[in-house]
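Atom set for the values below is all heavy atoms of this structure, side chains included, hydrogens, waters and symmetry mates excluded.
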Amino acid sequence: MSFDFAIEGEKLMMLVYGIIGFAAVMGLLLLALGKVDSPKDRWVAIGFLAPAGILLSIGLIYPAIRTLTLSFFDSSSTSFVGLDNYVWMFTHAETRETLRNTALWVLLVPTLSTAVGLLYAVLVDRTRFESFAKSLIFMPMAISFVGAGIIWSFVYAYRPTESDQIGLANQLVVWLGGEPQQWLLEDPWNTMFLIAVLVWIQAGFAMVVLSAAIKAIPSEITEAARLDGVTSSQMFWRVTVPSIRPALIVVLVTISVGTLKVFDVVRTMTGGQFRTSVIANEMYNYAFRYDEDGKGAALAVFLFLLVTPIVFYQVRLVRQRRKEAR
Amino acid sequence: MSSEGRVRKRLTSRTASLVAIVIAVLWTTPTFGLLISSFRPELEIKTNGWWNFFGDPQVTMANYEEVLLNQGLLSYFINSLVITIPSVLFPVAFSAMAAYALAWTRFRGRDWIFIGIFALQIVPLQMALIPMLQMLSPVQEALIWPYPTATVWLAHTCFALPLGIFLLHNFISELPGDVIEAARVDGASHARIFRQVVLPLIVPALASFGIFQFLWVWNDLLVGLVFAGGGPDNAPLTVRLAEMAGSRGQEWQRLTAGAFVSIVVPLIVFLSLQRYFVRGLLAGSVKG
Amino acid sequence: MASHLQRKLFALVGVAALALTATACKGGNTDTGAKDKLDTPECAAFTDYKGIAGKTVTVYSPIRDADGKLMEDAWKAWADCTGVTVKYEGSAEFEAQIKVRVDGNRAPDVTLIPQPGLLESFAKAGKLKPVGDKTKAMAEKNFTKDWLKYGTVDGKLYGAPLGSNVKSFVWYSPKMFKDNGWTVPTTWAELITLSDKIAGEGKLKPWCAGIGSGDATGWPATDWIEDIVLRDQGPDVYDKWVAHSIPFNGPEITSATDRAGSILKNAAYVNGGYGDVKSIATTTFQDGGLPIVQGKCALHRQASFYANQWPKGTKVAEDGDVFAFYFPAIDPAKGKPVLGGGEFTAAFTDRPEVQAFQTYLASEHYANTRAKTGNWVSANKGLELANVSNPIDKKSVQILQDPATVFRFDGSDLMPATVGAGTFWKGMTDWITGKSTKETLDFIENSWPK
């Protein structure tokens with residue numbers, strides 16, 4: 001018998017212990033923080049930041065430092081090689097190709113998914129089937145990458161003209177009287193088709209966050225605009241978009257950062273072949289498949305550098321907000 | 001705004017519905033194709049398109065039988081729940097606390113800490129796995145617990161914090177300052193303001209971050225594989241489903257059904273959390 | 001209000017503390033003085049493995065699902081008799097995950113590793129333990145030097161061979177051959193004549209192939225090249241090529257690649273059922289040979305394990321729907337070159353129960369038990385043909401045990417991973433989609449780690 005109540009019970013007890021432990025930690029912390037509260041905020045702030053700070057240090061800060069160090073060492077991480085890995089990265093013949101593709105991904109995925117998500121959120125807002133309609137767009141997010149891979153291989157599959165098509169895209173082409181295409185073969189179009197997959201997944205994220213933001217627009221504002229007799233498109237551009245600007249920025253930034261890191265789509269659909277590779281995919285290959293820790297680490301550091309423009313933008317944003325608050 | 005205006009309004013609302021329907025169809029068709037495929041026999045799936053189903057409906061439950069009646073699936077299901085629930089609770093709570101501190105307490109350097117945490121989002125998960133394993137293994141041994149589940153919780157929590165803090169900070173810092181100032185003047189501690197004023201106001205934000213964290217953990221394969229291993233004692237559902245394709249991927253048609261088995265729980269979570277996205281909850285809290 | 005909350009919180013903390021104490025107490029019992037059953041008659045075969053009862057061995061490998069289950073069934077009797085618990089885990093992400101686990105101090109006790117190159121790098125990094133004396137003796141008794149050398153690093157045996165597969169097979173449909181009056185070719189010349197004949201008749205293309213395999217796209221094409229280097233140049237050149245003592249873009253490999261191209265890049269020959277030459281790159285390896293059962297293709301060069309890919313109900317036998325013949329040699333006088341692969345049992349720890357398990361897996365008792373559970377081939381000399389379950393596995397075992405056979409291990413598993421799991425795959429994919437042989441081989445040569 002494969003189902004053992006004792007073992008399953010033990011697992012569920014683990015869950016209970018975990019939640020009790022968590023509640024105890026949170027409760028004690030908030031209790032203690034209530035006691036030490038004083039006009040000076042520093043100690044309270046440290047207390048509030050402590051759980052996140054400790055976990056971030058072991059989970060991300062230490063690994064980030066380790067990666068930076070590794071990038072100056074050779075493939076087996078034993079001897080110091082200075083900037084060799086970085087020199088290799090920029091002289092490597094395929095770097096141009098992966099850079100071009102990464103740029104395409106980072107430009108297109110955030111803009112397209114945000115545009116679709118926003119448009120859809122506005123269109124279905126306050127309609128009768130809103131909940132159902134939203135779950136349709138949300139569904140791709142709920143499907144695992146394994147499932148998404150199969151779904152899209154069914155869309156892009158190719159069979160020659162004389163046989164039955166199994167891919168939807170080619171069947172449509174054939175119905176319209178065209179020749180079936182090998183979608184994933186010719187660059188740069190193949191990258192576009194891969195990008196479509198991530199847009200399909202991320203639009204749900206944009207839609208949910210933006211929809212929540214739209215709902216937070218005070219109804220006085222929309223009512224006032226409506227009384228002024230604005231058209232739907234005026235309402236969209238002059239009321240909705242400005243009111244949800246912070247949420248829009250959050251969505252764009254989050255998807256951009258996520259897109260820089262993402263490689264599952266590329267890895268499962270083409271394996272980075274046919275000139276579709278992106279930096280994150282190369283990083284994974286070098287660090288885990290080719291046993292070239294130094295080069296993999298250098299690529300990871302490079303990814304980190306690519307995000308600095310967004311970080312600077314955030315710095316500006318935070319400063320602005322402070323000024324406004326004052 | 002005479003009759004002309006009204007006609008135009010109706011027209012845009014008609015195109016609006018049309019656009020919404022087109023998007024919905026585009027977004028649903030691929031998944032719908034997979035749903036149809038999951039009920040088709042193996043040979044049919046592999047030799048012709050799913051739309052042929054309507055001309056020649058051959059229905060089989062074989063894929064679902066393989067997936068559902070597979071030994072121990074329930075066990076993996078429980079593992080997934082045991083992994084996911086704390087992995088959503090921890091980061092939501094810790095992120096909210098950190099975001100509150102970064103938005104509403106005053107101390108030097110807080111903006112830089114916020115920017116630093118934001119930048120950590122880019123640290124690729126893959127690069128963090130090995131050092132984290134090295135650090136967490138002793139923790140697990142210290143706990144003397146035979147299941148590595150606790151380390152999975154901590155791993156998921158670590159990876160979720162930068163995004164969580166970033167998202168929630170944006171909501172929390174938009175809350176009206178006078179409410180919080182007034183509470184401070186009344187002598188309320190930060191802990192109390194956080195619990196009684198801030199938390200109720202940011203429920204929609206907590207719900208949306210919670211949903212995405214839930215999805216990410218539920219569908220995660222990598223963290224589960226690395227920290228929980230692949231055995232029936234600890235491994236999540238995704239690990240088992242991925243394995244079902246067979247050693248050389250020969251049984252991949254089973255994954256069509258697998259995808260729908262694992263989508264059920266996230267959809268339920270989404271639909272049940274939907275009610276927290278209610279209009280007006282944040283109304284009056286937006287500046288201006 | 002505040003004090004009420006406080007009381008509740010303290011109660012919670014108390015419960016949590018109790019819970020943790022209870023857990024800590026439970027963690028203590030690992031060895032409960034378990035006993036073996038070696039004195040019972042059904043355990044007579046295992047009396048060499050005494051004194052390890054109550055211990056646990058963890059095993060990690062890429063073998064999973066049905067194959068993993070069959071394997072666990074095969075060693076179950078040993079585990080029951082000796083009282084050892086074998087915790088098995090198979091994963092699709094093995095190649096990357098094993099590295100993460102080893103570096104993260106969570107290595108399994110035993111790994112069944114299909115890449116001698118990976119085994120070598122773990123051995124050189126000091127992570128693997130050489131096999132114990134008993135395992136070594138068992139492996140030397142049951143496997144040929146050809147096989148043992150792939151598990152040996154710097155003169156020490158780290159991995160005992162386990163399962164094997166034969167890659168030098170061409171799949172075909174016996175029925176289609178019979179209906180058309182074709183005969184199974186036994187020489188390279190006959191193979192080409194037959195291909196020309198099928199192509200000339202114009203009913204179907206003679207060959208079909210698929211090299212798509214997600215993140216491993218390209219590997220089936222590298223098998224083609226390896227198989228043809230063995231035939232076109234012979235095993236000595238093959239060994240030099242794999243060890244990089246001759247360049248990847250030299251005349252030997254160029255000649256072999258062009259010969260492979262005379263089939264794979266010949267528009268008259270490929271790609272039966274799928275379209276033009278380029279469609280080989282986007283067809284998955286799982287689908288590659290399926291046009292044979294649909295009557296759209298006649299020949300498909302692929303390993304013995306392709307037997308699992310045929311649709312359910314397809315009879316795999318010499319008189320069935322599909323079967324495979326030996327990919328013929330160009331010059332039969334030089335022997336019978338066979339390309340293949342397999343796994344090696346290597347260990348990261350050297351506890352007695354781990355070594356005992358390794359010894360058992362190398363034994364003829366395990367080989368025969370495993371063969372009886374089905375769907376398995378090994379080069380183990382003690383494996384009796386009668387225990388091998390299906391026709392294609394029987395044929396594989398015959399080839400592996402044939403004295404005329406010159407066996408060589410899949411070269412891409414022996415080369416540095418940058419090439420063997422990287423640029424070789426990528427290069428061959430580009431080659432299929434139009435790059436010239438010279439450009440392709442130059443690209444791979446330049447990527448070889450210095």
Side-chain angles (χ1 to χ4, degrees), chain A residues 2 8 11 14-15 18 30 33-34 37 41-42 44-45 48-49 51-52 55-56 58-60 62-64 66-67 120 123-124 131 136-139 141-144 146-147 150-151 154-155 164-166 171 208-209 212 215-216 218 229 232 246 250 257 261 284 300 304 307 311 314-315 318, chain B residues 1 12 16 20 23-24 27-28 30-31 33-34 48-49 71-72 74 78 82 86 93-94 97-98 101 105-107 111 115 118-124 126-128 131-132 135 147 149 157-158 161 170 189-191 204 208 215 219 238 242 255 259 263 266-267 270 274 277 279 282-283 286:
Chain A
S2 64
E8 304 305 328
K11 286 185 205 164
M14 179 73 184
L15 176 62
L30 285 177
L33 286 173
D37 204 278
D41 283 345
R42 194 183 316 144
V44 184
F48 268 91
L49 284 167
L55 285 170
L56 283 174
I58 59 165
L60 293 172
Y62 165 66
R66 179 180 177 269
T67 305
Y120 195 78
L123 292 177
V124 302
S131 181
L136 290 182
I137 306 296
F138 174 82
M139 205 137 49
M141 286 227 73
I143 287 185
S144 60
V146 180
I150 301 176
I151 288 180
F154 272 128
V155 175
D164 282 343
Q165 292 300 322
I166 71 168
Q171 183 65 65
V208 169
V209 175
K215 301 219 175 292
S232 311
V250 169
V257 175
K261 284 197 293 184
Y284 181 83
F304 193 85
V307 89
V311 171
Q314 278 299 314
V315 172
V318 169
Chain B
M1 190 67 192
T12 49
I23 295 179
W27 251 250
T28 334
T31 319
L34 188 74
N48 61 53
Q71 277 191 330
L74 187 60
I78 291 175
V82 171
F94 296 161
M97 284 179 73
T105 61
R106 283 166 206 276
F107 62 97
D111 290 350
I115 296 291
F118 169 79
L120 281 177
Q121 275 189 71
I122 194 64
V123 176
Q126 291 75 22
M127 302 314 268
M132 257 188 101
M135 308 260 299
Y147 299 108
T149 317
T157 307
C158 290
L161 283 172
N170 272 282
S189 68
H190 277 299
S208 45
L215 286 180
N219 284 330
T238 43
L255 299 179
I263 201 179
L267 272 187
F270 175 73
Q274 268 247 346
F277 300 127
R279 183 180 308 277
L282 273 182
V286 172

> Among A:I150, A:D164, A:V209, which residue forms the greatest number of heavy-atom pairs with chain B at distances under 4.5 Å?
Replying inline: A:I150

>> For B:L34 versus A:G147, what's the shortest heavy-atom pair and its separation?
In response: CD2-O, 4.4 Å

> B:A128 and A:L60: which non-hydrogen atoms are nearest, and at how many Å?
Replying inline: CB-CD2, 4.5 Å

> Rounded to the nearest 0.5 Å, how far does CD1 of B:I122 lie from CZ of A:F304?
Replying inline: 8.0 Å

> Heavy-atom distance under 4.5 Å to chain A: side chain of B:F107, backbone, both or neither?
Replying inline: side chain

> Ignoring hydrogens and geometry, is there a side-chain-to-backbone donor-acceptor pair from B:N219 to A:A142 under 3.5 Å?
Replying inline: yes

>> Working to the nearest 0.5 angstrom, can you tell me the gap between A:E8 CD and B:I78 CD1?
In response: 4.0 Å

> Is any side-chain heavy atom of A:R66 less than 4.5 Å from a side-chain heavy atom of B:P131?
Replying inline: yes

> Under a 4.5 Å heavy-atom cutoff, which of A:Y284, A:F138, A:F154 has the most pairs with chain B?
Replying inline: A:F138

>> Shorter than 4.5 Å, heavy atoms on both sides: which option in A:V124, A:L33, A:I143 has the most such pairs with chain B?
In response: A:I143

>> On a heavy-atom basis, which atom in A:A45 and which in B:T105 lie closest, and how many Å separate them?
In response: CB-OG1, 3.5 Å

> With respect to chain A, which residue among B:T238, B:N170, B:L255, B:I115 yields the maximal number of heavy-atom pairs within a distance under 4.5 Å?
Replying inline: B:I115

> By a 4.5 Å heavy-atom criterion (distance strictly below it), what part of B:M135 contacts chain A: side chain, backbone, both, or neither?
Replying inline: side chain

>> At a 4.5 Å cut-off on heavy atoms, which part of A:V155 comes close to chain B: side chain, backbone, both, or neither?
In response: side chain

> In terms of heavy-atom proximity below 4.5 Å to chain B, should A:Y62 be classed as side chain, backbone, both, or neither?
Replying inline: side chain

>> With a 4.5 angstrom heavy-atom cut-off, is it the side chain or the backbone of A:V250 that approaches chain B, or both, or neither?
In response: both

>> Treating A:K261 as the side-chain partner and B:Q121 as the backbone partner, does any N or O pair qualify as donor plus acceptor under 3.5 Å?
In response: yes

> Closest approach of A:G59 and B:C158, non-hydrogen atoms and distance?
Replying inline: CA-SG, 3.8 Å

> Who passes salt bridge (Lys or Arg N to Asp or Glu O under 4.0 Å) against B:R106, sequence neighbours left out?
Replying inline: B:E181

>> If I compare all heavy atoms of B:A191 with all of A:L30, which pair ends up nearest, and what's the gap?
In response: CB-O, 3.4 Å

> Given that the side chain runs from C-beta out, which part of B:T157 has a heavy atom under 4.5 Å from chain A: side chain, backbone, both or neither?
Replying inline: side chain

> A:I166 versus chain B, heavy atoms under 4.5 Å apart: side chain, backbone, both or neither?
Replying inline: both

> Of all of B:P30, B:A259, B:A93, which one pairs up most often with chain A through heavy atoms under 4.5 Å apart?
Replying inline: B:P30

>> Working to the nearest 0.5 angstrom, can you tell me the gap between B:M97 CE and A:L49 CG?
In response: 8.5 Å

> Given a strict heavy-atom distance threshold of 4.5 Å, which part of A:V311 is in contact with chain B: side chain, backbone, both, or neither?
Replying inline: both

> For the residue pair B:H190 and A:F48, does the interplanar ring angle fall in the parallel (under 30°), tilted (30 to 60°) or perpendicular (over 60°) class?
Replying inline: perpendicular

> Looking at CG of B:L120 and CG of A:L56, how far apart are the two atoms once the value is rounded to the nearest 0.5 Å?
Replying inline: 6.0 Å

> Rounded to the nearest 0.5 Å, how far does CE of B:M132 lie from CG of A:L55?
Replying inline: 7.5 Å

> Using non-hydrogen atoms only, which part of B:L215 is less than 4.5 Å away from chain A: side chain, backbone, both, or neither?
Replying inline: side chain

> Side chain, backbone, both or neither: which part of A:S131 has an atom under 4.5 Å from a heavy atom of chain B?
Replying inline: both

>> At a 4.5 Å cut-off on heavy atoms, which part of B:A98 comes close to chain A: side chain, backbone, both, or neither?
In response: both

> Considering residues at least two apart in sequence or located in another chain, which fulfil the side chain to side chain contact (heavy atoms under 4.5 Å, CB included) criterion with A:M139?
Replying inline: A:L136, B:T28, B:I263, B:L267

